[in-house]
Amino acid sequence: DTEVTQTPKHLVMGMTNKKSLKCEQHMGHRAMYWYKQKAKKPPELMFVYSYEKLSINESVPSRFSPECPNSSLLNLHLHALQPEDSALYLCASSQSGQVGGYTFGSGTRLTVV
Amino acid sequence: QKEVEQDPGPLSVPEGAIVSLNCTYSNSAFQYFMWYRQYSRKGPELLMYTYSSGNKEDGRFTAQVDKSSKYISLFIRDSQPSDSATYLCAMSSYNNNDMRFGAGTRLTVKP
């Protein structure tokens with residue numbers, strides 16, 4: 001299995017809703033990442049997990065809450081989002097210690113209404 | 001000045017053309033250089049991964065890194081309509097804390 005699987009593919013949520021994005025990989029990668037990508041812009045790093053521990057939080061607002069329950073799963077919990085948070089949310093993974101060369105999922109396209 | 005500069009295009013070429021995509025960067029600590037291809041509504045897919053200066057070839061794709069000029073290139077030979085996508089350069093130093101993406105170049109290969 002050489003894929004990163006993200007669910008759901010599309011999500012529409014209201015500003016008062018709570019939802020979660022899920023990411024799964026079975027490549028034995030011990031580093032996992034959340035990126036946010038706006039239309040026609042490059043991906044922006046949000047969080048990095050290394051060996052299930054949060055190692056980087058790029059000053060992301062607290063309405064985004066990451067969780068890494070085990071080495072194969074990564075969640076992003078969403079609460080009280082704003083319309084400007086609408087974007088493609090990408091999960092990626094890599095071998096721990098590897099620099100770059102990530103495997104990305106297809107993303108969750110989030111619309112906040 | 002942005003750390004990574006990449007012309008967003010769009011770039012349109014006829015099928016069979018040689019395509020040249022480029023990025024420049026300002027951080028001399030960058031050592032790892034990547035090219036990703038991203039189809040519409042999909043996640044980026046790693047195409048090429050190189051360390052330090054030099055050339056790397058994989059099929060129709062060739063990546064070049066010139067650290068002295070802080071300039072990287074991706075060449076696509078015999079371009080195909082299926083190559084139509086956005087191409088993102090990315091680079092990093094010795095860890096993933098400072099990995100930076102270029103803006104991406106949107107390429108269209110016309111049959």
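Order of the sequence lines sets the chain letters (A, B, ...), proteins ahead of strands, with each chain counted from 1.
Under the 4.5 Å side-chain criterion, counting only non-hydrogen atoms from C-beta, A:Leu88 is in contact with B:Gln38.
Comparing A:Lys40, A:Gln37, A:Lys41 by heavy-atom pairs within less than 4.5 Å of chain B, the highest count is held by A:Gln37. For the set B:Gly43, B:Ala90, B:Pro44, the count of heavy-atom pairs under 4.5 angstrom toward chain A peaks at B:Pro44. Options B:Met91, B:Arg106, B:Met34 differ in how many heavy-atom pairs under 4.5 Å they form with chain A, and the most are formed by B:Met34.
Evaluation of the salt bridge (charged side-chain N to carboxylate O under 4.0 Å, His left out) rule for B:Arg37 yields B:Glu45 as partners, not counting sequence neighbours. For B:Glu15, there are no side-chain hydrogen bond (donor to acceptor under 3.5 Å, both in side chains) partners two or more places apart in sequence or in a different chain. Remark: B:Thr105 pairs with B:Gln6, B:Leu11, B:Leu21 by the side-chain contact (heavy atoms from CB on, under 4.5 Å) rule, at least two apart or across chains.
Between A:Pro42 and B:Phe101, the shortest heavy-atom contact is CB-CB, 3.6 Å.
Connection of A:Leu78 to A:Tyr49 is established within a shared hydrophobic cluster, with ILVMFWY side chains joined at heavy-atom distances below 4.5 Å, either directly or through further cluster members. By the criterion of side-chain heavy atoms lying less than 4.5 angstrom apart, applied directly or through intervening Ile, Leu, Val, Met, Phe, Trp or Tyr residues, A:Leu74 is not grouped with A:Tyr33; the two fall into different hydrophobic clusters. A continuous path of ILVMFWY side-chain contacts below 4.5 Å connects B:Tyr87 to B:Phe33, so both sit in one hydrophobic cluster. By the criterion of side-chain heavy atoms lying less than 4.5 angstrom apart, applied directly or through intervening Ile, Leu, Val, Met, Phe, Trp or Tyr residues, A:Met13 is grouped together with A:Leu21 in one hydrophobic cluster. There is a path of hydrophobic side-chain contacts, each under 4.5 Å, that joins A:Met15 to A:Leu81.
For B:Tyr36 and A:Tyr102, the ring centers sit 6.0 Å or farther from each other.
Taking OH of A:Tyr35 as the reference point, atom CE of B:Met99 lies at 4.5 Å (rounded to 0.5 Å). A distance of 7.0 Å separates NE2 in A:His10 from CZ in B:Arg41, rounded to the nearest 0.5 Å.
Taking a 6.0 Å sphere around NZ of A:Lys9, one finds it holds 12 or fewer heavy atoms contributed by other residues, nucleotides or ligands.
Contacts from residues 46-76 of chain B to chain A, taken as heavy-atom pairs separated by less than 4.5 Å, involve B:Leu46, B:Tyr49 in sequence order.
Contacts between B:Ser93 and chain A at a heavy-atom distance below 4.5 Å involve the backbone alone (N, CA, C, O).
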